[in-house]
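First the structure, in the form of structure tokens, and then the observations on it.
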4 protein chains.
Amino acid sequence: MSSIEDDRLSGTARDEDSASACAIRAKRNQILAGAGTVFLASGYEGASMSQIAREAGVSKGTLYNHFDGKASLFSAFFEEQSRTKLDMLFAAVNDDGLDFRTGLIQLATAVVKVLLSPASMSLYRIIVAEASQFPNLADTFWRYGFARTLDSLSTWLARKAAEGVVVIDDPALTAEQFMMMCQTRIVQRRRLMLPVEDDAASIQKLAVFTADSFLKIYGTEHQ
Amino acid sequence: MSSIEDDRLSGTARDEDSASACAIRAKRNQILAGAGTVFLASGYEGASMSQIAREAGVSKGTLYNHFDGKASLFSAFFEEQSRTKLDMLFAAVNDDGLDFRTGLIQLATAVVKVLLSPASMSLYRIIVAEASQFPNLADTFWRYGFARTLDSLSTWLARKAAEGVVVIDDPALTAEQFMMMCQTRIVQRRRLMLPVEDDAASIQKLAVFTADSFLKIYGTEHQ
Amino acid sequence: MSSIEDDRLSGTARDEDSASACAIRAKRNQILAGAGTVFLASGYEGASMSQIAREAGVSKGTLYNHFDGKASLFSAFFEEQSRTKLDMLFAAVNDDGLDFRTGLIQLATAVVKVLLSPASMSLYRIIVAEASQFPNLADTFWRYGFARTLDSLSTWLARKAAEGVVVIDDPALTAEQFMMMCQTRIVQRRRLMLPVEDDAASIQKLAVFTADSFLKIYGTEHQ
Amino acid sequence: MSSIEDDRLSGTARDEDSASACAIRAKRNQILAGAGTVFLASGYEGASMSQIAREAGVSKGTLYNHFDGKASLFSAFFEEQSRTKLDMLFAAVNDDGLDFRTGLIQLATAVVKVLLSPASMSLYRIIVAEASQFPNLADTFWRYGFARTLDSLSTWLARKAAEGVVVIDDPALTAEQFMMMCQTRIVQRRRLMLPVEDDAASIQKLAVFTADSFLKIYGTEHQ
DNA sequence: TATGAATGAGGGTTCATTCAT
DNA sequence: TATGAATGAACCCTCATTCAT
């Protein structure tokens, strides 16, 4: 009987635990959302904990109940953003079944679009600005962002090389090169806040230009 | 007599004016030098006016006699830096008389080295971080930095195209593409503070890789 | 039947009451133990309720279920400490059966050692620091600490006076004087954190010096 | 002529310098006065920089223009107080020309009165409370306070010993012992905020009691 | 014009206390 | 009753800017 009671109690306890754990996670996410808004808009230094608290709808003290401090909150925000906002970049490489050139063009288009998105643009700004003060920031960004993309891409390129579609010595390096080529003009200029046409047509044109350039370097069939 | 006196007076006044104007300009440059040291080391938000005053060897009040405030001083610093520190980038394109591939390799090497230099690396960090708050920053940077380089480069490429060495439709776009290709791996990773080999040999290797890639896209003689 | 039930109920209730009262007292002591550790180490202002809760192994809320607040907890801690940690001081006066001078020397030694002990040193620091904000602190300290000791001592001295060993007009004042003489150099300097030799030999030497001084004032046989 | 002008200029400059230096010292003293009020009333931890600024009639920022921070301000305050408020203690030993017993009584009276003064009482509280966190506090207090007094006193005692008025082996230790004896009852209890009669008559009575006790220990003529 | 002391708003952070669970 | 997340006032300190000298 006592064991039953115990069970019930522990069951209740477990319920309560999981309920409160869930509430905590919810609050944490609420804070992270507020932090995201502020950090993305103002960067690390420009953001204030008061602002974040206000934006998140909690008191300043609560921020410190959930995170060790501004730096800690920032890191958590950055990891969260990197994990969620760079997915498209990763996913862009995965769809297949098209001919190689079309695949390249679609990939280039996706890369440009992701890099132009407000989230990744802000993340890039922040990481470049704070890289020296937050060494693991870049690591996080790289791990969740470029690294996954580059892995997928170089694997894909290696497969294509094995199929004889391309000739590539160093797929990893070539993948990085392709990513850089995608950033020509539009992404590059937008990062500097320079005026540039970034409508779909311009992006498409650039993607074609990039893909064709790439094919000229590595393709086997282009004459 | 009054005219003589007038002349003498205005002459004196003019002398004094020019002398004081010169002194003012000297003080201004002194301040800009101090500001440069501090801004490059700490960024915009991280720099304090006291620090700059100390570094420049003037009082804090003097800062405000010569500039409207921190933002104004920052903009002036940035223009100064852009004008003076990005020269190498511009110069790199100018030397000629070598065969095309060697020219490309030397150019790529120079571009990578300039972009890796502390000054331009810091400038890049600053501009990317503050571009949204200082809209004309990027403009300055672009005008004194990339624009001149790209102009030189596209002119050079157009000349080579005219000579039949390369086939290039849009020299300006191709110039931008080449600049991006130069930033593959080393520059890109260094901006994110990621570990990367950046010794002379690695740079040279990358320059060759980039130049050869470029030649495969645009060269006429490679088959 | 109702009376039986009543009895059983009230019995149960009483049992439960006493059981829960005991549990409450246990928890209270648990808290006081934690508070002791923290207060003695950090003083009143330096201690935080979180720290105390952690040290006591309870939640912060529980602190407020058992005590009205920080000040209340502090007072309770202080009384507890005064009651338990100043015993040695009290006990030191009690052992007898030796000749008077030896008794004085042993007493002086004990007094110095007790006053140098971390617990009483901390208590002294705390009481002197917070006496103005916690008026009854000193009262507690005095009642449990010096008062008992002085009572024992003056009783002892009065007995010795009655035996003709010493001539003492005001035993209570003389007792206080003796206690002060014991604090010469070593205790006094240690309270100010000044460097001083406090090894057993130095204490013993000081005790002899103090006892002999005392005998010269009050002794009858020293000529 | 230019030298004259130079002289005049430098003269003016010197005047201005000394004027501004004077103004700075005045402001510094103004701050120290405010800090004194607050620190003496609330101790180190209990005092807030806002409170001090308000009390001193300056802005919070000004505090930091004149002192490195709270700890620095506190140290300056403490040294100032020690230097100025413990003078009487030092002076009390110096008047001579009376017979020895009268000198002792006057000295004891002075010591008790100084130690009972609000300033030295507060300083003592603060030093005992913060000695562990500000190691040089006690040193300052000791140097300006007890050390000078003890030096004077032991010199005086040594002289009296040479004159054959007293027999003293270790004048320094005896001086410390005398100081402790002076703290019997009144000073001791006041430090603990315990009720005690501290009117002039009580002090005089205690001084006589202490002096006579001292004479019984060290005097040569008392039978 | 040059100075630097004064300002005060705002920075990040801590903490005693409360209260829903 | 026990919990600990939430609170918000207060903490020390920094800094861009002003202004009397």
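Below, read A as the first sequence line, B as the second, and so on, with proteins coming before strands; counting in each chain starts at 1.
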In whole angstrom, give the distance that lies between atom [atom1] of [X] and atom [atom2] of [N].
{"X": "D/F74", "N": "F/dC12", "atom1": "CZ", "atom2": "P", "result": "13 Å"}
{"X": "B/F67", "N": "E/dT1", "atom1": "CZ", "atom2": "C1'", "result": "15 Å"}
{"X": "C/N65", "N": "E/dT21", "atom1": "CG", "atom2": "P", "result": "17 Å"}
{"X": "C/L63", "N": "E/dC19", "atom1": "CG", "atom2": "C1'", "result": "16 Å"}
{"X": "B/Y64", "N": "E/dA6", "atom1": "OH", "atom2": "P", "result": "18 Å"}
{"X": "D/R28", "N": "E/dG4", "atom1": "CZ", "atom2": "P", "result": "18 Å"}
{"X": "D/R54", "N": "E/dT7", "atom1": "CZ", "atom2": "C1'", "result": "16 Å"}
{"X": "C/I52", "N": "E/dT17", "atom1": "CD1", "atom2": "P", "result": "11 Å"}

Checklist line | C/F39 and its side chain to side chain contact (heavy atoms under 4.5 Å, CB included) partner, picked from C/L73, C/L32, C/L123 | finding: C/L73

Item checked: 5' priority, DNA chain E, between C/K60 and A/Q51 [closest heavy atom] ->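 Looking at DNA chain E, the more 5' nearest nucleotide goes with A/Q51.
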
Check: With nearest nucleotides of DNA chain F determined for A/I31 and B/D68 from heavy-atom distances, which residue corresponds to the more 5′ nucleotide?
Finding: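 Nearer the 5' end of the strand: A/I31.
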
Please state whether the phosphate of [N], meaning OP1 or OP2, lies under 4.0 angstrom from any side-chain nitrogen or oxygen of [X].
{"X": "D/K27", "N": "E/dA6", "value": "yes"}
{"X": "C/H66", "N": "F/dA2", "value": "yes"}
{"X": "A/T62", "N": "F/dT7", "value": "yes"}
{"X": "B/K70", "N": "F/dA16", "value": "yes"}

Next item on the list: Return the nearest nucleotide to the side chain of D/S59; candidates are E/dG12, E/dA6, F/dA5.
Entry: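 Ranking E/dG12, E/dA6, F/dA5 by closest atom to the D/S59 side chain puts E/dA6 first.
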
Note to self: Below 4.0 angstrom, which residues in residues 36-50 of chain C have at least one non-hydrogen atom near DNA chain E?
What the structure shows: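 C/A47, C/S48, C/M49 - these, ordered by number, are the residues of the stretch whose heavy atoms sit under 4.0 Å from the strand.
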
Next item on the list: Supply the atom-to-atom distance A/E130 CD to A/E45 CD, rounded to the nearest 0.5 angstrom.
Entry: 5.0 Å

Check: Can you say whether the rings of C/F74 and C/Y44 are parallel (under 30°), tilted (30 to 60°) or perpendicular (over 60°)?
Finding: tilted

Next item on the list: Indicate the atoms forming the closest heavy-atom contact of C/R28 with C/A76, along with that distance.
Entry: NH2-CB, 4.1 Å

Notebook entry, point to check: Can you name the closest pair of heavy atoms from A/S75 and A/F134 and give their distance?
Noted result: OG-CD2, 4.3 Å

Check: So, does A/K70 use its side chain to make a donor-acceptor pair with the main chain of A/A47 at under 3.5 Å?
Finding: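 Checking the backbone N and O of A/A47 against the side chain of A/K70, a donor-acceptor pair under 3.5 Å is found.
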
Notebook entry, point to check: Should E/dA20 form a Watson-Crick or G-U wobble pair with both distances under 3.5 Å, which nucleotide is its partner?
Noted result: F/dT3

Checklist line | Pair A/S59-A/T62, side-chain donor/acceptor within less than 3.5 Å | finding: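 Yes, a side-chain donor-acceptor pair sits under 3.5 Å.
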
